Amino acid sequence: MTGRVLAIAVLSTAALLAACGGAREPQRPAAAPPPSTFDEALGLARRRQTQVVVHFRLPGRPVSDAMDTALPPAVLATLAADVVHLRLDARGAVDLCQRLCGTSQRSGPGLATCIVDPAAPDDALAVHRGYLDQAGLRRLLAEAAALREELARCDTDAAQHALVLADHLARCGHRVRARTLLAKALVAADEAHRSDEAEGTTRSTCAARLARLAIEDGDLVATRAWLRSAGAGAHATLTRAMLHLAAREARQALPLLSALEQTGNALAPGERGRVLLHLARAWHECGQDSEALGTLARLTRQCPNTDAAARAEQEAAHIRANDHGHSHTTPP
């Protein structure tokens with residue numbers, strides 16, 4: 001083909017394309033619609049091998065609308081692009097909200113956000129009740145990741161796995177589910193052919209946890225019953241101190257908590273934080289507010305990023321208010 005013929009062919013092709021409106025790029029498939037039910041979200045998360053973030057909303061309520069403004073779909077895609085997001089009206093998903101987020105039937109549906117592993121959809125990995133902004137969502141995702149790692153480390157130990165999950169659920173307010181898992185942990189400890197020492201440690205920890213749940217329920221009789229089988233380990237000792245505080249026996253709690261603080265390096269940060277938090281409360285009950293505030297300062301410094309540290313500032317403000325007409329609570 002000569003140069004003249006080639007040029008004519010090129011021009012003819014260009015004219016044909018222009019006449020047909022130009023070459024069109026292949027159309028991209030439309031994005032799949034977001035899931036509208038919990039089961040759809042779980043199925044999508046399983047296929048993607050990721051987690052589900054469930055956003056329980058109350059459309060039309062100012063706070064709920066403010067959350068939607070702070071966390072629109074574009075922001076969620078940036079903050080947490082690798083998870084499946086599900087938005088639900090809490091008023092139409094009351095049972096699911098109660099099961100995952102621990103909201104009570106008496107208080108009715110409310111704003112809540114939770115993260116669920118589709119492999120274990122009955123229990124949320126992280127829960128936040130109320131308003132949540134971008135920073136809060138980041139913290140919630142980090143909390144869920146930390147729990148998943150902790151559960152993975154004890155995946156071959158059924159008793160420890162149940163114990164870790166029960167601790168988490170108790171902190172989220174799921175006391176009934178936590179009790180069920182603690183009972184499961186006790187059974188697993190019996191079925192596992194461990195040394196007596198290991199089995200005793202697991203049993204002691206489970207019994208101490210069950211005693212703490214009884215304290216939170218105000219059932220001091222059940223607390224004492226569980227403590228009788230909890231042994232004399234650190235978890236049981238802290239729980240006995242918590243029982244003294246619940247019974248307004250702060251002076252009996254002080255020596256137990258002080259001794260635990262001295263050996264606290266052997267405790268996990270979360271448990272050490274609880275020791276210091278309850279020690280501060282005991283000092284306050286005994287009228288030693290300067291000791292209480294100093295203990296809270298150590299708690300913030302030594303146990304950052306724990307539940308106890310998050311409560312420390314509120315507890316310090318409570319002590320500085322010098323309001324002695326209140327009643328103290330001792331959450332586990």
Side-chain angles (χ1 to χ4, degrees), residues 126-127 143 146-147 150 160 163-175 178-179 181-182 185 201-202 204-218 220 223-224 226-227 230-286 288 291-319 327-332:
V127 175
E143 180 184 332
L147 180 61
E150 188 174 6
Q160 188 62 24
L163 189 56
V164 168
L165 188 55
D167 268 354
H168 162 71
L169 291 171
R171 290 194 298 272
C172 291
H174 293 285
R175 294 197 294 275
R179 286 192 192 91
L181 284 170
L182 287 169
T201 300
T202 301
S204 174
T205 303
C206 289
R209 293 292 196 273
L210 286 163
R212 293 183 194 181
L213 291 175
I215 291 174
E216 189 172 338
D217 289 338
L220 302 189
T223 301
R224 293 186 177 94
W226 281 115
L227 280 174
H235 294 289
T237 301
L238 173 55
T239 308
R240 288 189 176 89
M242 293 166 63
L243 174 59
H244 284 306
L245 285 170
R248 299 301 181 89
E249 299 167 349
R251 294 195 182 281
Q252 287 91 324
L254 270 175
L256 297 176
L257 294 165
S258 297
L260 283 173
E261 184 185 10
Q262 297 305 313
T263 59
N265 289 333
L267 299 172
E271 193 74 349
R272 178 171 172 77
R274 294 185 190 100
V275 168
L276 293 170
L277 183 64
H278 287 89
L279 180 57
R281 290 173 176 170
W283 281 121
H284 176 50
E285 289 280 4
C286 293
Q288 300 293 324
E291 292 285 355
L293 292 171
T295 302
L296 291 172
R298 292 197 300 280
L299 163 57
T300 303
R301 185 173 61 253
Q302 296 175 10
C303 308
N305 304 318
T306 62
D307 290 341
R311 297 174 183 169
E313 184 54 40
Q314 182 180 1
E315 195 75 17
H318 170 83
I319 291 171
S327 60
H328 290 266
T329 58
T330 54

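Everything numeric here is computed off the predicted structure, so don't read it as measured data.
- Listed by chain and number, the residues in a side chain to side chain donor-acceptor pair (under 3.5 Å) with Arg240 amount to none (sequence neighbours excluded).
- Scanning for side-chain contact (heavy atoms from CB on, under 4.5 Å) contacts around Ala211 gives Thr223, Trp226, Leu227, Thr239, with sequence neighbours left out.
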Checklist line | side chain to side chain contact (heavy atoms under 4.5 Å, CB included) between Val164 and His168, worked out | finding: CA-CA 6 Å; Val164 168; His168 162 71; 5.9 Å; no

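- Taking the side chain to side chain donor-acceptor pair (under 3.5 Å) definition, one finds that Arg301 meets it with nothing, sequence neighbours left out.
- Summarising the geometry, atom CG belonging to Leu245 is positioned 12.5 Å from atom CZ belonging to Arg251; distances are rounded to the nearest 0.5 Å.
- Separating the CD atom in Gln288 from the CD1 atom in Ile319 is a distance of 12.0 Å, to the nearest 0.5 Å.
- A distance of 10.5 Å separates CG in Leu256 from CG in Leu279, rounded to the nearest 0.5 Å.
- Closest non-hydrogen pair, Ser204 versus Gly233, comes out as OG-N, 4.5 Å.
- Distance CG/Leu299 to CD/Glu261: 10.0 Å, rounded to 0.5 Å.
- Taking all atoms of both residues into account, the shortest heavy-atom contact from Gly231 to Ala236 is O-CB, 3.6 Å.
- Smallest separation of non-hydrogen atoms from Thr295 and Ala280: CG2-N, 3.8 Å.
- Applying the side chain to side chain donor-acceptor pair (under 3.5 Å) test to His244 and every residue at least two apart in sequence or in another chain returns Glu249.
- Glu271 is linked by a side chain to side chain donor-acceptor pair (under 3.5 Å) to Arg212, His235, Arg274, counting only residues two or more places apart in sequence or in another chain.
- Atom NE2 of residue His318 and atom CG of residue Leu296 lie 10.5 Å apart, to the nearest 0.5 angstrom.
- Between atom CZ of residue Arg272 and atom CG of residue Leu238 there is a gap of 12.0 Å, rounded to the nearest 0.5 Å.
- Shown here for Ala282 and Ala250, the closest heavy-atom pair between the two residues is O-CB, 3.9 Å.
- Checked against side-chain contact (heavy atoms from CB on, under 4.5 Å), Thr306 has the following partners two or more places apart in sequence or in another chain: Pro269, Cys303, Ala308, Ala309.
- Ala253 approaches Ala241 most closely through the heavy-atom pair CB-O, 3.6 Å.
- Nearest heavy-atom pair, Ala230 versus Ala208, reported as atom, atom and distance to 0.1 Å: CB-N, 4.1 Å.
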